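Down below is the structure, laid out as structure tokens.
Please read these numbers as outputs of a predicted model, since none were measured by experiment.
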Amino acid sequence: MIKLLVSDLDGTFLMPKPINGKTVSEENYNAMMKFREAGGTFVTASGRHHEFSYTLMEELGFKFDMIGTNGATLIHKNCLVEHNHPERHIVRKVVEELTKPEYGDDLEVLATDLSFTYIFGDPKSWVMDMFIEIQNNGLGASLTEVPLLDWLNDRKRPDITCLSVAVKDPARLDEWIDFLREKFDRYFDIYASSSRFIEMMRPGINKGHGVRSIMALYGLEEHEVAVVGDNQNDISMFFATPNSYCMATAKPAVQKYAHKVVNSVAEVIEDIMRKNEAERISKGGF
């Protein structure tokens, strides 16, 4: 039986844009509630900070566990049980390089800390305007004007949870991923989380790590868990269980790692319920 579903948010469980204040379609919401009523457990896994999921929790009307910041944080029963942040001195090396003037027109390095504060390599750069607009649309995060390098050099400031790179031209995303991997892959796992953002995570820390941690917390085996996602940062989840689903809107290079391609989370849940019913019947259930 599949007892737990881990779902990515952007491009997967959430609608592209909110409608009447709702971020989840009625189809996905009803299917997810049906899964829960049948005894299933719903968990979110996002490249976003876990605090964002608390807003989603209010919308859905129930509490759930969450894998945040691509596996850097894990919230279980409303408690932070993992904070897998990168080492500060290594982050400083990367930031010293990427804040050089030659990258300013193409890239911007940024980070978040555990309190949901965004820190920018250059607080006056083009990316700050983007985040101010996102904040005005309900991001819920704090934006600081303290430059990231100054933040890292101040021992009284907390460690960062995640290091990211914003790409000004989405058409060059893969080019910049290759560039960053060539320079820093001995320090970080590097992959895209959207068309404009590249994540630089502590090696081995990813959504797949979060899924395996969730399995351990619930005492579940791989075949008892399903996952669904749509981007590079979801591929590690696909390797965590044979019940892996990828959105049809994903690139073929992502789809190929999943067991099945679907059009919605509702379709995933329909498939899970069908498999669970078939298993129940095969075991003599009524």
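- No side-chain donor-acceptor contact under 3.5 Å links His223 and Thr241.
- Scored by the salt bridge (charged side-chain N to carboxylate O under 4.0 Å, His left out) test, Lys124 finds no partners at all (sequence neighbours excluded).
- Under the 6.0 Å cut-off for aromatic ring centres, Phe179 and Tyr103 qualify, their centroids lying closer than that.
- With a 4.5 Å cut-off on side-chain heavy atoms, Thr161 and His83 count as touching.
- Between the CG atom of Asn231 and the OG atom of Ser194 there is a distance of 7.0 Å, given to the nearest 0.5 Å.
- Interatomic distance, Tyr118 OH to Phe131 CZ, rounded to the nearest 0.5 Å: 5.0 Å.
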Without placing hydrogens or testing angles, list every side-chain donor-acceptor pair under 3.5 Å for residues 67-81, not counting sequence neighbours.
residue: Asn70; atom: OD1; partner: Asn233; partner atom: ND2; Å: 2.8
residue: Thr73; atom: OG1; partner: His50; partner atom: ND1; Å: 3.0
residue: Thr73; atom: OG1; partner: Gly68; partner atom: O; Å: 3.4
residue: His76; atom: ND1; partner: Asp65; partner atom: OD2; Å: 2.6
residue: Asn78; atom: OD1; partner: Tyr54; partner atom: OH; Å: 2.9

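- Residues Ile235 and Met247 do not share a hydrophobic cluster, clusters being chains of Ile/Leu/Val/Met/Phe/Trp/Tyr side chains in contact below 4.5 Å.
- Transitive grouping of hydrophobic side chains (ILVMFWY, heavy atoms separated by less than 4.5 Å) brings Ile269 and Leu56 into a common cluster.
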Side chains of residues 261-268: which donor-acceptor pairs under 3.5 Å do they make with residues two or more places apart or in other chains?
residue: Ser264; atom: OG; partner: Ala266; partner atom: N; Å: 3.4
residue: Ser264; atom: OG; partner: Glu267; partner atom: N; Å: 3.0
residue: Glu267; atom: OE1; partner: Asn263; partner atom: N; Å: 2.9

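- Between Arg88 and Asp159 there is a salt bridge, since a side-chain N of the basic residue sits under 4.0 Å from a carboxylate O of the acidic one.
- Note: Tyr191 and Phe197 fail the aromatic proximity criterion, with ring centroids not under 6.0 Å apart.
- Checked for salt-bridge contact, Lys34 and Glu37 miss the test: no charged N lies under 4.0 Å from a carboxylate O.
- In the hydrophobic clustering of ILVMFWY residues, with side-chain heavy atoms under 4.5 Å counting as a link, Leu220 and Tyr245 come out apart.
- Take Asp8 and apply the side-chain contact (heavy atoms from CB on, under 4.5 Å) test, not counting sequence neighbours, and it matches Thr12, Lys207, Asp230, Asp234.
- Taking the salt bridge (charged side-chain N to carboxylate O under 4.0 Å, His left out) definition, one finds that Lys256 meets it with nothing, sequence neighbours left out.
- There is no path of hydrophobic side-chain contacts, each under 4.5 Å, that joins Val227 to Phe42.
- With side-chain heavy atoms closer than 4.5 Å counting as contact, directly or through intermediates, the hydrophobic cluster containing Ile19 also holds Met15.
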| request: Take Asn153 and Arg92 through the side-chain contact (heavy atoms from CB on, under 4.5 Å) test and state the conclusion after the steps. | output: CA-CA 8 Å; Asn153 287 329; Arg92 187 182 292 111; 2.8 Å; yes

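- In this structure, the side-chain contact (heavy atoms from CB on, under 4.5 Å) partners of Glu26, at least two apart in sequence or on a different chain, are Asn30.
- Applying the side-chain contact (heavy atoms from CB on, under 4.5 Å) criterion to Ser115, with sequence neighbours excluded, gives Asp113, Thr117.
- Residues meeting the salt bridge (charged side-chain N to carboxylate O under 4.0 Å, His left out) test with Asp169, sequence neighbours left out: none.
- The two residues Ala45 and Val6 come nearest to each other via the heavy atoms CB-CG1, 3.6 Å.
- Checked against side-chain hydrogen bond (donor to acceptor under 3.5 Å, both in side chains), Asp10 has the following partners two or more places apart in sequence or in another chain: Arg48.
- No continuous path of hydrophobic side-chain contacts links Met200 to Val127 [ILVMFWY only; heavy atoms under 4.5 Å].
- Asn84 is linked by a side-chain contact (heavy atoms from CB on, under 4.5 Å) to Glu82, Arg202, Ile205, His209, counting only residues two or more places apart in sequence or in another chain.
- The nearest pair of heavy atoms linking Ile119 to Pro147 is CG2-C, 4.2 Å.
- Salt bridge status for Glu97 with Lys93: absent, with no side-chain N to carboxylate O gap under 4.0 Å.
- To the nearest 0.5 Å, the span separating CD on Gln232 from CD1 on Ile190 amounts to 11.0 Å.
- Using a 4.5 Å heavy-atom threshold, the side chains of Glu199 and Cys162 count as touching.
- In this structure Arg274 satisfies the salt bridge (charged side-chain N to carboxylate O under 4.0 Å, His left out) test together with Asp271, sequence neighbours excluded.
- With respect to the salt-bridge test (charged N to carboxylate O, under 4.0 angstrom), the residues Arg172 and Glu175 qualify.
- A 4.5 Å side-chain heavy-atom check between Phe120 and Leu143 finds at least one atom pair inside the cut-off.
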